[in-house]
Peer 1: 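Take this structure, written in structure tokens, and hold onto it; I'll ask about it next.
Because the structure is predicted, anything quoted here is derived from the model rather than measured. Note that these values count all heavy atoms, side chains included, but never hydrogens, waters or copies made by symmetry.
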Amino acid sequence: MNGFRDLEQLSADLDGQLNPAESARVKSRRQADPELASAYEDLRQAKNILHKLPVRKAPKNFTLTRKMVGLKPPLPRAYPTFRFATAFATLLFVASLAVNNFSKVNLSYSAASAPMLGVGQGGGAPDNFNLPMATEAPAATEAAIAEAQMEPTLSAESAANLTDAERMTETPTTKEAPSESPNQPQPLEEAEPIVPSSWQVVLIALILLGLLALFWMNQFAKRKWRNE
Amino acid sequence: MDEPALIQSAQHGDLDAFNTLVLHYQDMVFNTAVRVLGDDDLAADASQEAFISAFRSLSTFRGGSFKAWLMRTVTNACYDELRRQKRKPTTPLEPETADGEEVDSPKWLADPNLTPAQKAEADELEHAIQHCLDALPTEFRTAVVLADIQGLDYSEVATASKIPLGTVKSRVARARLRLRECLRGFEELLPSAFRLESEEI
């Protein structure tokens with residue numbers, strides 16, 4: 001016997017895994033070598049005794065449920081279309097929000113930068129001229145009031161004259177001021193959004209309808225599956 | 001049973017078709033798991049896992065012997081279970097009677113056709129063989145269980161164990177020799193079985 005190689009051949013012969021020529025060779029060697037014959041018997045006994053093991057019946061049925069394998073109910077054919085439409089409407093809605101916000105930011109930025117451009121081009125001169133006059137005007141009024149308080153005996157007429165004179169000095173500055181400063185910042189007009197709000201409402205409605213349809217289809221498929 | 005048709009339907013997600021295959025192979029799968037793991041409860045868990053895994057990976061089955069392919073999932077489930085046992089050994093609880101007392105051998109109640117003496121003898125033999133199987137290295141045990149208990153040919157064992165044909169040949173031979181050596185120690189316990197074998201020689 002030539003070690004483990006012979007044992008492998010004997011075992012394979014026992015299982016009918018050798019071709020006829022190999023099998024015949026092993027058989028003749030077995031007949032000539034008692035050691036090989038004994039080993040063959042050992043292998044055969046081991047194989048036979050395993051056959052004596054009783055066949056064990058499964059203690060229960062191992063059939064699978066949908067839950068076990070995580071199977072989901074088959075959804076209607078329209079489901080992917082609805083899902084895509086809802087997702088697309090959501091994307092459009094988000095994009096519309098972004099576009100409208102971006103346009104607002106752009107408008108306010110250009111409005112903020114307009115006066116700065118005016119100063120640079122010399123348009124700020126009237127503003128500079130108006131400033132001292134605007135500060136002087138209250139001083140003149142204060143002086144007039146103080147004068148009136150100091151001379152309480154003055155007649156109403158002179159008081160009226162005084163106020164007229166005061167008005168003469170005061171009014172030109174206060175009245176002319178708006179007309180002399182064309183570059184003064186005007187109140188911002190509400191900018192028209194690029195995507196009309198009516199479109200956004202339609203998109204929201206589409207999204208809600210889509211979600212509702214998807215939810216309903218899901219529930220319907222589950223209920224149908226459960227009843228099958 | 002039209003096995004190829006059932007496999008094809010199951011591959012398309014037909015669970016009923018797969019369950020037909022489960023019912024056909026469940027005894028074989030459980031039997032293999034019991035012999036590799038040596039424990040009924042673990043074997044039941046491994047069998048269930050094997051069928052779940054088989055259903056999920058059915059798309060990878062490319063024809064050939066479905067039995068061998070299924071045996072591969074069972075042996076994998078058994079190896080997983082053995083690895084889990086090594087990491088976290090547990091003591092299985094014995095089933096209880098209605099009075100809350102432990103049933104020493106629930107198998108005793110399983111087969112009403114055998115007399116207690118026959119059952120005891122069969123149990124002894126089974127325990128002795130299982131003891132010797134458990135003493136084998138896992139790879140040898142799997143090879144011999146598939147070849148000698150399940151009757152798979154060498155190429156099917158090779159597919160099921162994912163090993164070359166030469167390795168199957170070697171493992172089966174070594175396992176048989178070791179088993180024979182081990183069973184010699186039970187000759188007094190198993191006289192009838194061994195007498196029969198000796199008489200045949």
Side-chain angles (χ1 to χ4, degrees), chain A residues 1-19 22-23 26 30-31 34-75 221 225-226 228, chain B residues 13 15 18-20 22-23 25-31 34-35 40-41 43-44 47-48 50-52 55-56 107 110-111 122 125-126 128-130 132-133 144-145 147-149 151 153-155 165-166 169-170 172-181 183 190 193-194 196-198 200-201:
Chain A
M1 188 166 140
N2 298 325
F4 198 74
R5 172 85 185 134
D6 282 342
L7 277 177
E8 273 184 23
Q9 290 293 97
L10 288 173
S11 178
D13 186 35
L14 193 64
D15 292 324
Q17 299 288 320
L18 297 181
N19 61 44
E22 281 178 324
S23 184
V26 167
R30 213 170 64 217
Q31 284 165 347
E35 207 181 340
L36 268 184
S38 163
Y40 184 81
E41 278 312 314
D42 280 349
L43 291 168
R44 196 181 62 83
Q45 279 184 17
K47 184 180 161 78
N48 286 346
I49 204 137
L50 286 174
H51 281 302
K52 289 205 176 292
L53 273 174
V55 175
R56 299 287 292 276
K57 282 261 184 197
K60 59 167 186 172
N61 276 344
F62 292 115
T63 47
L64 306 181
T65 62
R66 288 158 180 161
K67 200 179 169 188
M68 275 176 175
V69 290
L71 271 183
K72 286 177 182 166
L75 295 164
W225 212 36
R226 241 178 268 139
E228 268 177 17
Chain B
L15 196 59
F18 187 77
N19 279 336
T20 310
V22 170
L23 290 172
Y25 284 109
Q26 63 181 3
D27 286 343
M28 186 183 179
V29 164
F30 176 72
N31 217 29
V34 140
R35 295 307 166 206
D40 286 20
D41 295 325
S47 303
Q48 191 70 79
F51 281 122
I52 292 172
F55 182 76
R56 285 181 179 157
K107 281 183 286 180
D111 194 347
L125 175 64
E126 190 180 349
I129 298 170
Q130 188 62 54
C132 290
L133 277 173
V144 85
V145 164
D148 287 347
I149 298 176
D153 63 34
Y154 282 12
S155 62
L165 211 62
K169 219 165 148 182
S170 157
V172 169
R174 282 171 192 266
R176 281 175 181 163
L177 270 190
R178 288 197 192 191
L179 267 176
R180 185 69 190 96
E181 285 304 308
L183 287 167
L190 315 159
F194 271 83
L196 277 172
E197 296 301 324
S198 305
E200 281 174 21
I201 294 168

Peer 1: In the structure I gave you, are the side-chain heavy atoms of Arg66(A) and Leu15(B) within less than 4.5 Å of one another anywhere?
Peer 2: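 Counting from C-beta outward, Arg66(A) and Leu15(B) do come under 4.5 Å.
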
Peer 1: Do you know which two heavy atoms are closest between Phe4(A) and Ser170(B), and how far apart they sit?
Peer 2: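 So the two residues come closest at CZ-O, 3.7 Å.
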
Peer 1: What residues form a ring-ring contact (aromatic ring centres under 6.0 Å, His included) with Phe30(B), not counting sequence neighbours?
Peer 2: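 Phe30(B): no ring-ring contact (aromatic ring centres under 6.0 Å, His included) contacts found.
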
Peer 1: For Tyr25(B), which atoms come within 4.5 Å of any heavy atom of chain A: side chain, backbone, both, or neither?
Peer 2: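 Neither the backbone nor the side chain of Tyr25(B) comes within 4.5 Å of chain A.
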
Peer 1: Please report the interatomic distance NZ(Lys57(A)) to CG(Asp27(B)), rounded to the nearest 0.5 Å.
Peer 2: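 Between Lys57(A) NZ and Asp27(B) CG, I get 4.5 Å after rounding to 0.5 Å.
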
Peer 1: Which atom pair, heavy atoms only, marks the closest approach of Tyr154(B) to Ala12(A)?
Peer 2: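 Heavy atoms of Tyr154(B) and Ala12(A) come nearest at OH-CA, 3.7 Å.
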
Peer 1: For Val22(B) and Thr63(A), work out which heavy atoms get closest and say how close.
Peer 2: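 Minimum heavy-atom separation between Val22(B) and Thr63(A): CG1-N, 3.7 Å.
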
Peer 1: Do other residues, nucleotides or ligands put more than 12 heavy atoms under 6.0 Å from Lys60(A) NZ?
Peer 2: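 For Lys60(A), atom NZ is crowded (more than 12 foreign heavy atoms under 6.0 Å).
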
Peer 1: Is the shortest side-chain N to carboxylate O distance from Lys169(B) to Asp15(A) below 4.0 Å?
Peer 2: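 No.
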
Peer 1: Say you draw a straight line from CG of Leu50(A) to CZ of Arg35(B); how long is it, rounded to the nearest 0.5 Å?
Peer 2: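 So the CG of Leu50(A) and the CZ of Arg35(B) are separated by 9.5 Å.
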
Peer 1: With sequence neighbours left out, what residues match Asp153(B) under side chain to side chain donor-acceptor pair (under 3.5 Å)?
Peer 2: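 Side chain to side chain donor-acceptor pair (under 3.5 Å) check on Asp153(B) returns Ser155(B).
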
Peer 1: Taking all heavy atoms of Leu64(A) and all of Phe55(B), pick out the closest pair and write down the distance.
Peer 2: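 The answer is CD1-CB, 3.7 Å.
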
Peer 1: Do NZ/NE/NH1/NH2 and the carboxylate oxygens of Arg56(A) and Glu126(B) come within less than 4.0 Å?
Peer 2: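 Yes, charged N to carboxylate O under 4.0 Å.
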
Peer 1: Heavy-atom distances under 4.5 Å only: say whether Val172(B) touches chain A with side chain, backbone, both or neither.
Peer 2: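 Both parts, backbone and side chain.
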
Peer 1: Working to the nearest 0.5 angstrom, can you tell me the gap between Asn19(B) CG and Phe62(A) CZ?
Peer 2: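 If I round to the nearest 0.5 Å, the distance is 12.5 Å.
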
Peer 1: To the closest 0.5 Å, what do you measure between CG (Leu179(B)) and CG (Asp42(A))?
Peer 2: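 Interatomic distance, Leu179(B) CG to Asp42(A) CG, rounded to 0.5 Å: 11.5 Å.
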
Peer 1: So Asp148(B) and Asn48(A), do their side chains get closer than 4.5 Å, heavy atoms only?
Peer 2: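 No, their side chains stay 4.5 Å or more apart.
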
Peer 1: Distance from Gln48(B) atom CD to Asn61(A) atom CG, nearest 0.5 Å?
Peer 2: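 Here the interatomic distance stands at 10.0 Å.
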
Peer 1: Checking Leu165(B) against chain A: side chain, backbone, both or neither under 4.5 Å from a heavy atom?
Peer 2: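 For Leu165(B), there is no contact with chain A at all, as no heavy atom is under 4.5 Å.
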
Peer 1: Measure across Ile49(A) and Leu183(B) and return the closest heavy-atom pair with its distance rounded to 0.1 Å.
Peer 2: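 Minimum heavy-atom separation between Ile49(A) and Leu183(B): CG2-CD1, 3.3 Å.
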
Peer 1: I need the Leu7(A) CG to Arg174(B) CZ distance, nearest 0.5 Å.
Peer 2: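 Interatomic distance, Leu7(A) CG to Arg174(B) CZ, rounded to 0.5 Å: 9.0 Å.
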
Peer 1: Can you tell me which of Pro59(A), Gly70(A), Ala58(A) forms the most heavy-atom pairs within a distance under 4.5 Å of chain B?
Peer 2: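 It is Ala58(A).
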
